[in-house]
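Residue numbers start from 1 in every chain, and the chains themselves are labelled A, B, ... in the order their sequence lines are given, proteins ahead of strands. This is a predicted model, so every value here is computed, not measured. For the numbers below, each heavy atom of this structure counts, side chains included, while hydrogens, waters and symmetry mates do not.
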Amino acid sequence: MVRFENVEMRYAVGPPILRDINFELEPNSFHFLTGKSGAGKSSLLRMIYLALVPTLGRVTVFDRDTRTLSRIEIADFRRRLGIVFQDFRLIDHLSARENVALPLRIAGTREAVIRRHVPELLDWVGLSDHMDALPRTLSGGQQQRVAIARAVIARPAILLADEPTGNVDDRIAFRLLYLFEELHRAGTTVLVATHNDALCDEFAHPRLHISGGILNRVNPSTSNKPTTQSGRVVPFTRDQAEA
Amino acid sequence: MARSTSTEIAISRGGSASYLGWVVGAMVYVAVLAAAGALFAQSVSDRWALSLSGVITVQVPDAERAVDPSGAASRTGDDKTSRLAAALEILRITPGIGHLTILDRDKARALLAPWLGEDLVGQIDPPVMVDLRLMDPTVVDIGALRDRLSRRVPGAVIDDHGAWLTRVAAVTRAVERGGWLIVLLVGGVATISVIFAVLSGLSVNRDVVELLHLMGARDGYVAKRFQGYVLMAALPASAIAGCLAVATIMAIGAISQPEADGVEAMLRFGRFGGFRALDWIIICAIPLVFAGFTLVTARMAALVALRRLV
């Protein structure tokens, strides 16, 4: 699904923020992406959703080198990705319903289908009473769930979530993660960036940990709940050795 | 879910985009009036050229006098033929000349009376005028006719209206070109304002545009939102401005025809006052063309700008 080979990322001047990153997200895998804020989690996600091109190395998404994609191919690739942004990025003059409908509209889905699917999904995330509410009238947790509904409405092959639990208490955070688990079981490849260790411990999926610009894979300890169905990280070079 | 799909981008939120309707409306109003002026000038010059090019006027002074009474009739003997008859004879045998209308002295006096007054008219001796309708203006050699006429009837004058017709044509052509130039200029200004509206809309809504891109929207999808906005602003504005401009033209028509009043004058002007059916079609098409043009401009501007935005 996603493969990083010897990827380096640096912004303008200064040292690289990510160095020699190698990993692969297998189809239907679930990974956490951890690290302190500023460690480069968002940059790594941005390279997957084609908003950033690596300074060095190669990023492959859906078996295509992201550097070779045309503008139209980039748009079409992104329709197969669901993104939950750290700051939600809901459109503030559109209702929850319209925000969630957006990816379907962009994909040219028929209005009748949109009218059926959107309320279903909003119901599923527990917002059936707030379908016509504007984002600013919703609580942080409610906004987050709208953002997640929008990310998954078009049944993406890959779900990328950037700190999806950053603005909510642990109780809601866990509920959101169960939601991701359900999508994962339905076949979606999931990558969740977080610095919430409690979550990682609870859900016990493999972790990709970024520290000092280097990415290491941390397998869930066996003492935790078994999550054996999740995909594996394929180490290409020394990541594993250094770990 | 009744919400229109074009509301994702609140283009009119701030920025110059909200003034677009007014700008386009004003431009359409000016363009329609300028085009009407151009078309009017054109039709006036066409009609004058048409009605005058087929007509020449021959003036024969001292029409009753015999041709050359002094005996210069060395060739023809004592010629008692009147100058008028001699002139008519020449005109009749000239190929290409059709109907002749003789405007005799009494008629000429009657025509002049309102201008000069009965007393004065009685004292003058106006020339007899002969209006010639040319069957085919290209066949008639006016220069040769003038020579022949002046040899037989010295003092006779041919007026083919060419000189002043040329001058009138030059003026009307200048008015016509000026009118179309204004239409072009105004179209250019409208284009530029649409481009500015789209660019400012893009920069004000940059975050939303970026979000749409990240959700897989192609440039065409985003551009369509701008097209929709521009059309919603430009179409009603163009229609209203077009109607106002036509009303203005009608009002000018009514003022220019004081003998008829009100609606009748407007209608008469509309039908006969210089505009042909095609002219009205062009005048009414201008607002539509403007609206369509702003639409295309909005799309092009958005596509180009989005490509730069990456």
Side-chain angles (χ1 to χ4, degrees), chain A residues 45-46 48-53 70-85 87-119 122 131-132 134 147 150-154 156 160 162, chain B residues 1-18 20-21 197-233 298-310:
Chain A
L45 290 176
R46 284 166 68 81
I48 301 176
Y49 62 71
L50 315 172
L52 264 187
V53 171
S70 71
R71 249 181 112 70
I72 284 184
E73 284 173 323
I74 287 176
D76 293 350
F77 266 48
R78 282 172 174 163
R79 294 187 193 174
R80 301 164 68 187
L81 303 174
I83 311 170
V84 183
F85 299 97
D87 48 359
F88 316 145
R89 301 186 72 163
L90 299 174
I91 298 182
D92 51 17
H93 60 274
L94 295 185
S95 65
R97 189 202 291 270
E98 289 302 309
N99 268 291
V100 173
L102 219 45
L104 295 180
R105 292 247 156 78
I106 287 170
T109 309
R110 279 185 301 117
E111 206 59 32
V113 177
I114 294 177
R115 235 166 294 179
R116 200 169 62 244
H117 282 191
V118 171
L122 279 168
M131 297 214 194
D132 296 310
L134 291 178
R150 186 181 64 187
V152 302
I153 184 84
L160 305 170
D162 197 355
Chain B
M1 204 72 93
R3 205 182 261 278
S4 123
T5 56
S6 62
T7 53
E8 295 140 22
I9 305 176
I11 296 161
S12 56
R13 186 182 77 188
S16 61
S18 40
L20 189 64
V198 168
L199 292 184
S200 84
L202 266 175
S203 75
V204 170
N205 294 277
R206 217 193 153 114
D207 46 348
V208 175
V209 170
E210 195 194 25
L211 178 68
L212 292 176
H213 272 143
L214 289 179
M215 290 194 290
R218 293 183 184 176
D219 290 344
Y221 180 92
V222 180
K224 207 174 261 179
R225 299 298 167 280
F226 283 90
Q227 275 166 256
Y229 168 74
V230 167
L231 193 65
M232 287 308 291
R299 180 172 182 80
M300 304 283 278
L303 286 179
V304 170
L306 287 170
R307 204 159 279 275
R308 294 222 182 111
L309 203 70
V310 181

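- Within a 6.0 Å radius of CE in B:M232, no more than 12 heavy atoms belonging to other residues, nucleotides or ligands are found.
- Looking only at distances, no side-chain donor or acceptor of B:R218 sits under 3.5 Å from a matching main-chain atom of A:A75.
- Side-chain contact between B:L214 and A:L81: absent, with no pair of heavy atoms (C-beta onward) separated by less than 4.5 Å.
- Only the side chain of A:F85 comes within contact range of chain B, with at least one heavy atom under 4.5 Å from a heavy atom of that chain.
- Using a 4.5 Å cut-off between heavy atoms, A:R150 contacts chain B through its side chain alone, with no backbone atom that close.
- Pairing each heavy atom of B:R307 with each of A:R71, the nearest pair is NH1-CD, 3.7 Å.
- A:I91 CD1 to B:D207 CG: the interatomic distance, rounded to the nearest 0.5 Å, is 8.5 Å.
- Contact between A:R89 and B:L211 at its shortest, heavy atoms only, is O-CD2, 3.2 Å.
- Contact record, B:M215 with A:P103: SD-CG, 3.9 Å, taken as the closest heavy-atom pair.
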